[in-house]
Asker: 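Supplied in structure tokens, the structure appears directly below.
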Amino acid sequence: MTLRSRPIEEADVERILAIQAACPEIAQWTRWDYDRVARGEMAGWVTEEQKSVVGFIILRKIAKEIEILNFAVAPEKRSRGIASMLLQESLAWAKTFEATHAILEVRVSNAAALRFYERHNFQVVGRRSRYYISPPEDALLLTAKIV
């Protein structure tokens, strides 16, 4: 397995949309949203395996925090360390501007994501009632200290 992470480019958007379509548990963004990332309006990385995008993460900087906005690995490529690789890339970026915390929301029903974040030292710090639509569902607010 040869994996490589790099910043998102415009040519990645089609594959990102395909991964998103296979992952209904994540935020369902539009092409325009991902084009904004490719233009540098938000931070984002993809992981490639043999020149094919297999995962992505989108973030933004808010003062001394980073917020993970969208994050997925192609279902057939999970449990291979790709998500951890993308998260570590994001935390390394956060350290370049001395961010102190990472925050995100996750569907209360997304047990796999909750286990992943727990393994990476995120803690539940709040709940947002009916935060998600299609289907309506609460979100858990998670945070982790960046060390």
Side-chain angles (χ1 to χ4, degrees), residues 1-117 120 122 125-144 146:
M1 155 173 88
T2 304
L3 296 173
R4 161 180 109 91
S5 290
R6 60 169 175 74
I8 290 175
E9 300 170 355
E10 194 169 323
D12 301 323
V13 173
E14 198 64 42
R15 179 67 182 136
I16 290 170
L17 287 166
I19 292 170
Q20 174 183 278
C23 302
E25 69 278 9
I26 70 167
Q28 298 295 302
W29 286 17
T30 65
R31 173 180 297 281
W32 181 80
D33 294 319
Y34 293 114
D35 285 340
R36 291 179 56 210
V37 178
R39 287 192 306 268
E41 293 179 33
M42 290 171 266
W45 288 268
V46 294
T47 295
E48 293 179 314
E49 181 178 44
Q50 298 175 339
K51 298 189 180 184
S52 176
V53 172
V54 295
F56 68 92
I57 191 166
I58 312 293
L59 310 102
R60 68 179 167 181
K61 175 183 170 185
I62 306 172
K64 289 287 187 176
E65 294 180 334
I66 60 167
E67 182 178 13
I68 298 172
L69 300 170
N70 218 350
F71 186 13
V73 173
E76 70 278 7
K77 300 292 184 176
R78 292 181 181 167
S79 299
R80 296 176 52 203
I82 296 167
S84 293
M85 184 179 188
L86 284 163
L87 182 61
Q88 292 308 314
E89 187 79 36
S90 302
L91 296 176
W93 169 71
K95 288 177 185 179
T96 66
F97 56 87
E98 300 176 348
T100 59
H101 289 84
I103 60 171
L104 63 102
E105 293 96 9
V106 64
R107 285 182 180 273
V108 71
S109 66
N110 193 341
L114 290 167
R115 285 191 304 274
F116 170 81
Y117 290 120
H120 292 280
F122 281 77
V125 295
R127 186 179 192 114
R128 294 183 172 158
S129 181
R130 299 181 63 82
Y131 180 81
Y132 293 103
I133 54 173
S134 297
E137 188 171 1
D138 290 359
L140 294 177
L141 179 61
L142 282 70
T143 188
I146 297 174

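Starting from 1, each residue takes its place in the sequence as its number.
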Asker: CD of Glu10: more than 12 outside heavy atoms within 6.0 angstrom?
Answerer: no
Asker: Here's a test for you: under salt bridge (Lys or Arg N to Asp or Glu O under 4.0 Å), which of Arg15, Arg4, Arg80 qualifies with Glu49?
Answerer: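 Exactly one pass, corresponding to Arg80.
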Asker: How far apart are the closest heavy atoms of Ile8 and Ile58, and which atoms are they?
Answerer: CD1-CD1, 3.3 Å
Asker: On a heavy-atom basis, which atom in Ala83 and which in Phe71 lie closest, and how many Å separate them?
Answerer: O-CZ, 3.3 Å
Asker: May I ask you to test the Leu91-Gln88 pair for a side-chain heavy-atom distance under 4.5 Å?
Answerer: yes
Asker: Using the rule given for side chain to side chain contact (heavy atoms under 4.5 Å, CB included), can you reason through Leu140 versus Asn110, listing the C-alpha separation, both sets of side-chain angles and the distance that settles it, and then say yes or no?
Answerer: CA-CA 10 Å; Leu140 294 177; Asn110 193 341; over 6 Å; no
Asker: Of Arg107, Arg130, Arg127, which is the lone residue that meets side chain to side chain donor-acceptor pair (under 3.5 Å) with Asp138?
Answerer: Arg127
Asker: Carefully, step by step, assess Ile66 and Ile146 under the rule side chain to side chain contact (heavy atoms under 4.5 Å, CB included).
Answerer: CA-CA 10 Å; Ile66 60 167; Ile146 297 174; 4.2 Å; yes
Asker: Classify the angle between the aromatic ring planes of Phe97 and Trp93 as parallel (below 30°), tilted (30 to 60°) or perpendicular (above 60°).
Answerer: perpendicular
Asker: Verify the neighbour count for atom CZ of Arg39: are there more than 12 heavy atoms of other residues, nucleotides or ligands below 6.0 Å?
Answerer: yes
Asker: How close do Ile62 and Arg60 get, counting heavy atoms only, and between which atoms?
Answerer: CD1-NE, 3.6 Å
Asker: Looking only at heavy atoms, which two atoms of Ile19 and Ala74 are closest? And how far apart?
Answerer: CG2-N, 3.8 Å
Asker: Please determine, by modelled atom types, if Tyr34 and Asn70 share a side-chain donor-acceptor pair under 3.5 angstrom.
Answerer: yes
Asker: Please report the interatomic distance CD(Gln28) to OH(Tyr132), rounded to the nearest 0.5 Å.
Answerer: 11.0 Å
Asker: Among all residues two or more places apart in sequence or in another chain, which pass the ring-ring contact (aromatic ring centres under 6.0 Å, His included) test with Phe122?
Answerer: Tyr117
Asker: Between Glu89 and Ser5 (side chain of the first, backbone of the second, donor and acceptor by atom type, cut-off under 3.5 Å), is there such a pair?
Answerer: no
Asker: What closest approach, in Å, do Pro7 and Trp45 show between heavy atoms, and which atom pair accounts for it?
Answerer: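 Closest heavy-atom pair between Pro7 and Trp45: N-CD1, 3.6 Å.
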Asker: Give a yes or no on whether Glu98 atom CD has more than 12 heavy-atom contacts from other residues, nucleotides or ligands under 6.0 Å away.
Answerer: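 No - once you tally the heavy atoms of other residues, nucleotides and ligands closer than 6.0 Å, there are 12 at most.
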Asker: Decide, yes or no, whether a salt bridge links Glu14 with Arg31 under the criterion of side-chain N to carboxylate O below 4.0 Å.
Answerer: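 Answer for the salt bridge query: yes.
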Asker: With Val54, which of Lys77, Glu48, Glu76 fulfils side chain to side chain contact (heavy atoms under 4.5 Å, CB included)?
Answerer: Lys77
Asker: Distance-only, no hydrogens or angles: does the Thr47 side chain make a donor-acceptor pair with backbone N or O of Gly55 under 3.5 Å?
Answerer: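 Side chain of Thr47 to backbone of Gly55, a donor-acceptor pair under 3.5 Å: no, none is there.
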Asker: Roughly how far, to the nearest 0.5 Å, is CG of Leu17 from CD of Gln20?
Answerer: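 Gln20 atom CD to Leu17 atom CG measures 6.0 Å (nearest 0.5 Å).
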Asker: Between Arg78 (side chain) and Val73 (backbone), is there a donor-acceptor pair under 3.5 Å?
Answerer: yes
Asker: For Leu59 and Ile68: C-alpha separation, side-chain torsions, deciding distance, then whether side chain to side chain contact (heavy atoms under 4.5 Å, CB included) applies.
Answerer: CA-CA 5 Å; Leu59 310 102; Ile68 298 172; 3.7 Å; yes
Asker: For Arg6 and Val53, work out which heavy atoms get closest and say how close.
Answerer: NH2-CG2, 4.2 Å
Asker: The test is side chain to side chain contact (heavy atoms under 4.5 Å, CB included); show your working for Val37 and Phe56 and say whether it passes.
Answerer: CA-CA 11 Å; Val37 178; Phe56 68 92; over 6 Å; no
Asker: Is there a donor-acceptor contact under 3.5 Å from the side chain of Thr96 to the main chain of Ala92?
Answerer: no
Asker: How long is the span from the OG1 atom in Thr143 to the CD atom in Glu67, to the nearest 0.5 Å?
Answerer: 10.5 Å
